[in-house]
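Letters A, B, ... are given to chains in the order of the sequence lines, protein chains preceding strands, and every chain is numbered from 1. What you see below is based on every heavy atom in this structure, not just the backbone, and it leaves out hydrogens, waters and symmetry mates.
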Amino acid sequence: MAAKPVKRKRMSEAERRASIIQAAQEVFLENGFSGARTKAIAERAGITEPFLFRLFSSKSDMYAAAVVEPVVAGFTKLAEDIEALAATHDGDRAAFLRGLTELNLTFMYDYAGLNAVVLFTELGNGRICYKEMLAPILLRIQSVIAANISWQDPRIDPLVVRRALFGAQWAIGFDYYLRRETPDVPALSASLTNLFSAAVPQ
Amino acid sequence: MNMSSEQRAPAPPGPGGRRRLSAVDRRAQIIAAAQAEFIENGVEGGRVKSIAQRAGISEVFLYRLFHSKEEIFELAVRQPLVEFVEGLKAETEELSQNPDISREHVLTHFHELFLDYVIDIAPLLSTALFSKSYGSHEMYTNFLLPSLREIVRSVIIDASRWSPTSEELDAVTQGLLGVYFGIALESLLGEDPIDVPHVAQQLTLIIGTGSSDPSKPAASPAPPAQELEPEPQRESAVAPPRPRVTPPAPAPVEFSHVVQFSHESV
């Protein structure tokens, strides 16, 4: 994409940062971390590379602001939404599972590209982010699931449940993202809830 | 292909022993190097020069054995994915044709088999899925998912006597692939080894596939691990030796020990 002419002088520093973050996010989504070039980010933002480096000290810095931070914020928001859902489902476990599936599917679809860049395109960076930033949030979600779906069968392991649910929701959200189609979240959630509902008392 | 100078008798692998490798061994070594390179840097980011370096040869020499990056991709990524599907299909067919085992056993075996295969292929599968090159997405949509849908239909659906609509079958297939793939990827990211028999058994408890009697748990009571049939020796020519993270045959365990709430590990 060709650089667009910009009104460089008119933007405040905060606006400039936001526009660079937007440009950097697009470039990282297209190329991953190693493949992304700061020159391309500068061009996309309509500024020079030296000017870019006055606002961000390194490519890692841009990656943290444009990719890692939004992903961590997204996961945090998801955990908060799941906790809010748990506070309102009135003991209807199937409704909780369906609501949980809808929240997760929406998140997995909305964040499909960013999640893929952070977690899957490069194993080394992905491991650091997963272990240091996402693991505590996932554990928080796991506790909510364990507390709100009380299984008849005491052998069921909430860790496996949480991972299985996230895996299924992620695969479907990501598939719709790749095909550039919008998922019918309620219908898909009903199918997925059916898939996982055997363990939940009716 | 210009391989004549490399066609020598196989010799024991030696460090950097370029002349000692047969053309076949050399090609296999380059493919393994390419897989490592693609997994680490993606298909777009992976460079032929780095593949040559990983294999300990020059780029020029590599191009005597392979014509292009696409040809390497074909052999290093696409071919293993085809073999993954074919191997899984053959083994699940065998499973579904055995009339003597219960539905719970079929499901647990299916989960174990599928999970095992996905653990092996997960790094290459994610490499292919997240790549925009060489028709990776089309391969997923037009080959991988339809093949897996047939596998899911033949085993899971038969075992549960459920007649899903085609949309439901799609969702279940993708959902199941996601379950195995997600579990494998979290293990890869968290460097947290998977106890495959344990997880397979858990999945039998968790996943119901629209049982005709929804009030009845799909697999209750689930068979204890030690009653499962011994793991069949896999000698499929297509599957590479699969490095198992956990010992394949765990000692008999009490269920109270099977359930481990490993909160520390996410």
Side-chain angles (χ1 to χ4, degrees), chain A residues 30-35 108 116-117 119-124 126-127 129-131 134-136 138-139 142-143 146 151-175 178-179 184 187-188 190-192 194-202, chain B residues 39-42 44-45 123 126-127 129-130 132 137 140-141 145 164 167-168 171-172 174-191 198-199 201-203 205-211 214-222 255 258-266:
Chain A
E30 284 163 25
N31 303 291
F33 178 75
S34 337
M108 295 296 180
V117 171
L119 294 172
F120 305 123
T121 48
E122 280 158 50
L123 196 53
R127 277 184 171 149
C129 182
Y130 178 85
K131 287 189 204 170
L134 301 183
L138 292 171
L139 184 55
Q142 181 188 319
S143 313
W151 292 279
Q152 282 169 331
D153 196 318
R155 290 168 295 176
I156 287 181
D157 179 347
L159 172 67
V160 180
V161 174
R162 206 278 301 146
R163 286 188 174 174
L165 287 170
F166 270 56
Q169 292 144 357
W170 164 73
I172 293 179
F174 191 74
D175 182 61
L178 284 185
R179 289 190 280 127
D184 178 349
L188 285 168
S191 287
L192 275 181
N194 195 27
L195 180 68
F196 286 103
S197 60
V200 181
Q202 300 294 303
Chain B
I39 288 168
E40 205 170 302
N41 296 309
E44 286 81 17
S126 55
T127 298
L129 274 184
F130 303 130
K132 295 177 184 74
H137 292 171
Y140 175 75
T141 311
L145 268 187
E167 289 78 22
E168 282 172 328
V172 167
Q174 267 181 344
L176 278 175
L177 178 63
V179 167
Y180 307 123
F181 197 25
I183 288 173
L185 284 175
E186 285 201 43
S187 155
L188 203 65
L189 288 168
E191 298 184 88
H198 166 68
V199 171
Q201 202 160 51
Q202 285 287 317
L203 293 178
L205 295 172
I206 297 165
I207 294 176
T209 65
S211 158
S215 64
K216 200 177 161 197
S220 181
F255 268 115
V258 169
V259 181
Q260 289 162 354
F261 290 74
S262 14
H263 289 282
E264 294 80 8
S265 55
V266 183

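Judged by distance alone, the side chains of A/D175 and B/Q174 do bring a donor and an acceptor atom under 3.5 Å apart.
The two residues B/H198 and A/D157 come nearest to each other via the heavy atoms NE2-OD2, 3.3 Å. Between A/K131 and A/P136, the closest heavy-atom pair is O-CD, 4.2 Å.
A donor-acceptor pair under 3.5 Å links the side-chain atoms of B/T127 to the main chain of B/P123, judged by distance alone.
Contacts between B/E40 and chain A at a heavy-atom distance below 4.5 Å involve the backbone alone (N, CA, C, O). Of the atoms belonging to A/F174, it is side-chain heavy atoms, and not backbone ones, that fall under 4.5 Å from chain B. Heavy atoms closer than 4.5 Å to chain B are found in the side chain of A/L188, but not in its backbone.
Put simply, of A/A171, A/C129, A/G167, the one with the most heavy-atom pairs under 4.5 Å next to chain B is A/G167.
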